[in-house]
Number of protein chains: 2
Amino acid sequence: MGRIPPATVKRLCFYLHLLERLKKEGKEYVSSKELAERLDLTDTQVRRDLVYFGKMGKRGMGYEIEKLIKELRKILKIEKPRRAILIGAGNLGTALLASPFFRKRVEIVAAFDADINKVGRRIHGVPVYSDCEISRVVREMGIKIAILTTPPDVAPDIAGILINAGIQGILNFTPASIKSPPGVFIHDVDLTMELEYLSFFVEEE
Amino acid sequence: MGRIPPATVKRLCFYLHLLERLKKEGKEYVSSKELAERLDLTDTQVRRDLVYFGKMGKRGMGYEIEKLIKELRKILKIEKPRRAILIGAGNLGTALLASPFFRKRVEIVAAFDADINKVGRRIHGVPVYSDCEISRVVREMGIKIAILTTPPDVAPDIAGILINAGIQGILNFTPASIKSPPGVFIHDVDLTMELEYLSFFVEEE
DNA sequence: ATAAAATAGTGATTTTTTTCACAAGGTCAA
DNA sequence: TTGACCTTGTGAAAAAAATCACTATTTTAT
Ligand SMILES: NC(=O)c1ccc[n+]([C@@H]2O[C@H](COP(=O)([O-])OP(=O)(O)OC[C@H]3O[C@@H](n4cnc5c(N)ncnc54)[C@H](O)[C@@H]3O)[C@@H](O)[C@H]2O)c1
Ligand SMILES: NC(=O)c1ccc[n+]([C@@H]2O[C@H](COP(=O)([O-])OP(=O)(O)OC[C@H]3O[C@@H](n4cnc5c(N)ncnc54)[C@H](O)[C@@H]3O)[C@@H](O)[C@H]2O)c1
C-alpha cells in the first residue's frame, strides 16, 4: 500500500465522519467535488488521497458512500470499534467515558486510577481498576491502545508500564512528553496548545 | 512578518511548552539541537521556524530561554492570557474549566449553558449565563475567542450567534462542521478523530 | 443511438516544506 | 591571544505535498 502521508491519514478521518453524516441524510453517492467543498479542500486532493488505497470511485457518479465508509474503516483499522483502556479517570477521563459519541467509536474495556475511592466502581459503565493492575489487564486482554489522562507528573512512568505490557499506541492528553521505542506510536493531544494555536490567528482586542 | 506555515505555528506551541519546562528546571540557554532532540525534529527545522520572526539566537550559545519564551508568547498573542468564553458547560466543558493547566493559559470570563439548573451558578469559579445572553456579553466585553462544547446539533446555530456578535476565533470541540466567513478562524478539535488517527498506526490485535 | 454533462484517475508541474552544507560568529580553556 | 569547539543563520538542493491540465469512463437527457 506504500507509505501514506500523515496529512492524508488525518483527512481520511474527516472524510469518514462527513460520509457518515451524508449516509444519515440518505445520500448514496458523493463526488470528490462535494466532499472537497464541505471540507474546504480541493477535489483533486480528495481523489489523490483516496486513490492511495485503490480505485474506489465510479466515473460519472462519484463515490458510493456506504462502500467508501467500509473501506475507510478498514484502512483506519476500526471496522469493529477498537478495544482500549483509559488511565486516569479524572475530569477529562470521565468526560471521555461520558461521551456517547466517543464511546460508539472505541470500546473502552477498563479504566485505571490511583484513587482508591474510584477503584472497584464503574464510571459510565466502565470498571475502574487500581493502577497496579494495568500490566496484568493489558497482557491478559491483549490491549494495544491506551488513553492517558493522568496528571502529567506520573505520565512518563505510566507510559513505561503500558509500553512494557505491550501497548502499541498511546493517545496522550497530558502535557508530559513521552519517549517511545520503535513500534510504539504516541499521539499527543494538548488541548491548551490548540487554544494557543487558535490565538495566533485571532487579532488581539 | 510574511506568511507563516501553519505547521510552524503548531511547532511554536511545542517550543513554548518545552521552554517553560526547561526554565522551571533552571536552564538559561538551550540549543536548537537540544530542542530538536526533545521534540523529535531536526535542529535545522527549529532554527528555520524561529528565524521567521528574526534572529533570536546567539551563536555558540543557543537561545536564551527567558527571552525566547517572551518572544513566542508575543508571537502567539498570549503575553497576557487571552480572554475567552465557553459555550456548553457539560462534561467536556466542565473538565476544561476544572483544569488548572488550561485555566492558567486562558482567562475564561464566562460560560453559557441552556440548562437552567446551571445558569446563575459558578463552575470552578466561572459564572454561568443563559445562552440567550451570549451576544450581549461578547459585545460588552469585546471577547474575540470562544470555546464550543455544546451538543453538535446546536453548534452551527450557536456559532452563528457567536460570529454575529463579533467572535473571531472558535475552538470547536463538537463534530459539527462550522462554516466561517472570512476573518473568522475555526479550529476543529475532534477527540474521536484523534483516536482514529492513532488507530491507523497501531496493528490490530 | 447520440451528444452533452459529470466525474474519477493521473502524468506533469508547481508550490511548499524540509533538509543539506557550510559560512559567520561566538564561547571557552589554556 | 590562540585555537578548538559550538551553534546560529542561510543559500541551495531535495523531498514532499498540492494543484493543474487532461484523459478515460459513465450517466443522463434527448
Ligand atoms: N481537564 C482538561 O480539560 C485538561 C485540559 C488540558 C490538559 N489536561 C491534562 O489531562 C490530564 C488529566 O486532566 P484532568 O483535568 O482530568 O485531571 P484530574 O486530576 O481531574 O484527573 C487525573 C486522574 O488521574 C488519577 N491518577 C493520579 N495518579 C495516577 C496513577 N499513577 N495511575 C492512575 N491514575 C492516576 C487521579 O486520581 C485522577 O482521577 C492532565 O495531565 C492535564 O494536564 C486536561
Ligand atoms: N465528552 C467528551 O469527551 C467528548 C469527546 C468527543 C467529542 N465531544 C463533543 O463535545 C461536545 C460536548 O460534549 P459533552 O460530553 O460535554 O456533552 P454534554 O451533553 O455533557 O454537554 C453539553 C452541554 O451543552 C449544553 N447545551 C445544550 N444546548 C445548548 C445551547 N443551545 N447553548 C448552550 N449550551 C447548551 C447542555 O446543557 C450541556 O451542559 C459534544 O459536541 C460532543 O460530541 C465530547
Side-chain angles (χ1 to χ4, degrees), chain A residues 1-16 18-19 22-23 27-72 75 197 200-201, chain B residues 1-16 18-19 22-23 27-72 75 197 200-201:
Chain A
M1 169 165 94
R3 194 191 136 282
I4 310 301
T8 292
V9 179
K10 194 141 258 181
R11 283 194 295 269
L12 294 183
C13 301
F14 280 95
Y15 301 149
L16 176 57
L18 176 50
L19 287 164
L22 293 171
K23 185 186 164 190
K27 284 195 69 156
E28 264 195 81
Y29 278 87
V30 66
S31 66
S32 56
K33 185 155 166 287
E34 182 172 355
L35 285 174
E37 261 160 27
R38 310 247 324 219
L39 294 171
D40 223 2
L41 306 166
T42 65
D43 52 345
T44 314
Q45 180 155 66
V46 172
R47 294 198 297 277
R48 269 269 189 266
D49 283 340
L50 295 178
V51 98
Y52 275 112
F53 308 97
K55 299 179 188 181
M56 301 206 273
K58 221 172 181 172
R59 293 179 193 222
M61 280 292 273
Y63 297 87
E64 195 187 324
I65 290 175
E66 182 108 29
K67 186 178 138 205
L68 188 51
I69 287 175
K70 277 224 184 73
E71 208 54 52
L72 288 176
I75 291 165
Y197 176 80
F200 177 82
F201 298 97
Chain B
M1 167 166 93
R3 194 190 138 279
I4 310 299
T8 293
V9 178
K10 196 141 258 179
R11 284 193 296 268
L12 295 182
C13 301
F14 281 95
Y15 301 149
L16 177 56
L18 176 51
L19 288 164
L22 293 172
K23 185 186 164 188
K27 284 194 67 154
E28 263 196 81
Y29 277 87
V30 66
S31 68
S32 56
K33 185 153 166 288
E34 181 172 355
L35 285 174
E37 261 158 27
R38 312 244 329 214
L39 294 171
D40 222 3
L41 305 166
T42 65
D43 53 345
T44 313
Q45 181 155 64
V46 172
R47 293 198 296 278
R48 268 270 189 264
D49 282 340
L50 295 178
V51 97
Y52 275 112
F53 308 96
K55 300 180 186 179
M56 301 206 271
K58 222 172 179 170
R59 295 182 193 221
M61 278 290 273
Y63 297 87
E64 194 187 325
I65 291 177
E66 182 107 30
K67 184 178 140 205
L68 188 51
I69 288 176
K70 278 223 183 76
E71 207 55 52
L72 287 176
I75 291 164
Y197 176 78
F200 177 84
F201 298 97

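Within every chain, numbering begins at 1; the chains are lettered A, B, ... in the order of the sequence lines, protein sequences first and strands thereafter. The figures here come from the full heavy-atom set of this structure, side chains too, leaving out hydrogens, waters and symmetry mates. The structure displayed is predicted, hence computed values, not measured ones.
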Query raised in the report: Base, sugar-phosphate alone, or nothing: which one does B:S32 contact when heavy atoms must sit under 4.0 Å apart?
Result: sugar-phosphate
Query raised in the report: With a 4.0 Å cut-off on heavy atoms, is A:T44 in touch with a base, just the backbone sugar-phosphate, or nothing at all?
Result: base
Query raised in the report: Is the phosphate of C:dT10, meaning OP1 or OP2, less than 4.0 Å from a side-chain N or O of A:K55?
Result: yes
Query raised in the report: Are OP1 or OP2 of D:dG9 and a side-chain N or O of B:Y63 less than 4.0 angstrom apart?
Result: yes
Query raised in the report: Roughly how many Å is it from CD in A:Q45 to C1' in C:dG9, rounded to a whole number?
Result: 15 Å
Report task. Can you sort out the partners of B:Y197 under side-chain contact (heavy atoms from CB on, under 4.5 Å), two or more places apart, ordered by chain and number? Result -> A:P6, A:V9, A:K10, A:C13, A:F185, A:H187, B:F201
**Report entry** Listed partners of A:R11 passing side-chain contact (heavy atoms from CB on, under 4.5 Å), at least two apart
**Finding:** A:A7, A:T8, A:Y15, A:L41, A:Q45, A:D49
Show me, pair by pair, the donor-acceptor contacts under 3.5 angstrom made by side chains of residues 30-38 of chain B, not counting sequence neighbours?
unit_1: B:S31; atom_1: OG; unit_2: B:K33; atom_2: N; d: 3.4
unit_1: B:S31; atom_1: OG; unit_2: B:E34; atom_2: N; d: 3.1
unit_1: B:S32; atom_1: OG; unit_2: B:R47; atom_2: NH1; d: 2.9
unit_1: B:E34; atom_1: OE1; unit_2: B:K27; atom_2: NZ; d: 2.7
unit_1: B:E34; atom_1: OE2; unit_2: B:K27; atom_2: NZ; d: 3.3

Query - Sequence-distant partners of A:F14, ring-ring contact (aromatic ring centres under 6.0 Å, His included), two or more places apart - result: none
Query raised in the report: When you match B:V30 and B:R48 each to their closest nucleotide on DNA chain D, which lands nearer the 5' end?
Result: B:V30
Query raised in the report: For DNA chain D, whose closest nucleotide is more 5', that of B:M56 or that of A:P5?
Result: B:M56
Query raised in the report: Just how large is the angle between the end axes of the helix from C:dA1-D:dT30 to C:dA30-D:dT1, five pairs per end, to 10 degrees?
Result: 20°
Query raised in the report: Is there a donor on the side chain of B:R47 or the base of D:dG11 sitting less than 3.5 Å from an acceptor on the other?
Result: no
Query raised in the report: Which letter, B, S or -, goes with each nucleotide of nucleotides 23-30 of chain C from 5' to 3', with contact meaning a protein heavy atom under 4.0 Å?
Result: BBBSS---
